[in-house]
Amino acid sequence: MKVRVDIYEDEVEGDYGHVPGIIAICSKCNHRIEARGTGNASIRHAAAQFREDCPLDESNWYDAEEWVEGPF
């Protein structure tokens, strides 16, 4: 199943305090994942992390591509 991920920029916990990052929220269950950095790699990492951390134990495809900038 394809599930939308909403992305918000915010300060997240880093190794030495708070750093710029993103908060990804699953549109299906509102589970949150934080990732350091605000670039495309951070967005894709957070979306992929949902498959491992899903509290409903589902194997969905988490779509965050609307938040990714530019062609690759």
Side-chain angles (χ1 to χ4, degrees):
M1 170 185 251
K2 185 176 178 179
V3 177
R4 189 183 82 250
V5 174
D6 294 317
I7 304 291
Y8 302 93
E9 287 189 26
D10 202 352
E11 295 286 310
V12 299
E13 189 67 34
D15 293 337
Y16 303 103
H18 288 88
V19 297
I22 60 151
I23 297 173
I25 301 175
C26 173
S27 65
K28 185 173 183 181
C29 71
N30 290 323
H31 181 65
R32 291 171 48 120
I33 291 183
E34 295 183 358
R36 289 176 277 188
T38 58
N40 294 335
S42 297
I43 293 169
R44 287 191 172 114
H45 170 75
Q49 193 67 37
F50 278 110
R51 285 184 69 92
E52 294 180 28
D53 294 351
C54 177
L56 303 176
D57 205 25
E58 295 181 353
S59 294
N60 299 312
W61 181 64
Y62 296 92
D63 183 16
E65 289 303 310
E66 70 180 274
W67 304 101
V68 175
E69 298 174 8
F72 298 93

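By the rule that hydrophobic residues join a cluster once side-chain heavy atoms approach within less than 4.5 Å of another member, Met1 and Leu56 end up as members of separate clusters. Placement of Phe50 and Val3 within a single hydrophobic cluster is found when ILVMFWY residues are connected by side-chain heavy-atom separations under 4.5 Å, directly or transitively.
Partners of Asp15 under the side-chain hydrogen bond (donor to acceptor under 3.5 Å, both in side chains) rule, at least two apart in sequence or in another chain, are Arg36. The side-chain contact (heavy atoms from CB on, under 4.5 Å) test applied to Glu13 returns His18, not counting sequence neighbours. Asp63 pairs by the salt bridge (Lys or Arg N to Asp or Glu O under 4.0 Å) definition with Lys2, not counting sequence neighbours. Partners of Arg51 by salt bridge (Lys or Arg N to Asp or Glu O under 4.0 Å), not counting sequence neighbours: none found.
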Atom pairs and distances, side-chain donor-acceptor, residues 5-12, under 3.5 Å, sequence neighbours left out:
residue	atom	partner	partner atom	Å
Asp6	OD1	Arg4	NE	3.0
Asp6	OD2	Arg4	NH2	3.1

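Rounded to the nearest 0.5 Å, atoms CD1 (Ile33) and OG (Ser42) are 13.0 Å apart. Rounding to the nearest 0.5 Å gives a distance of 8.5 Å between CG of Asn40 and CD of Glu65. Separation of atoms CZ (Arg32) and CD1 (Ile25) is listed at 5.5 Å; rounding is to 0.5 Å.
Across Ile43 and Ala64, no two heavy atoms sit closer than the pair CG2-CB, 3.8 Å. Scanning all heavy atoms of the two residues, the minimum distance from Ala35 to Ala46 falls at CB-CB, 4.3 Å.
Trp61 shares a hydrophobic cluster with no other residue; no ILVMFWY side chain has heavy atoms under 4.5 Å from its own.
The side chain to side chain donor-acceptor pair (under 3.5 Å) analysis of residues 19-31, with sequence neighbours excluded, yields the pairs Lys28-Glu58.
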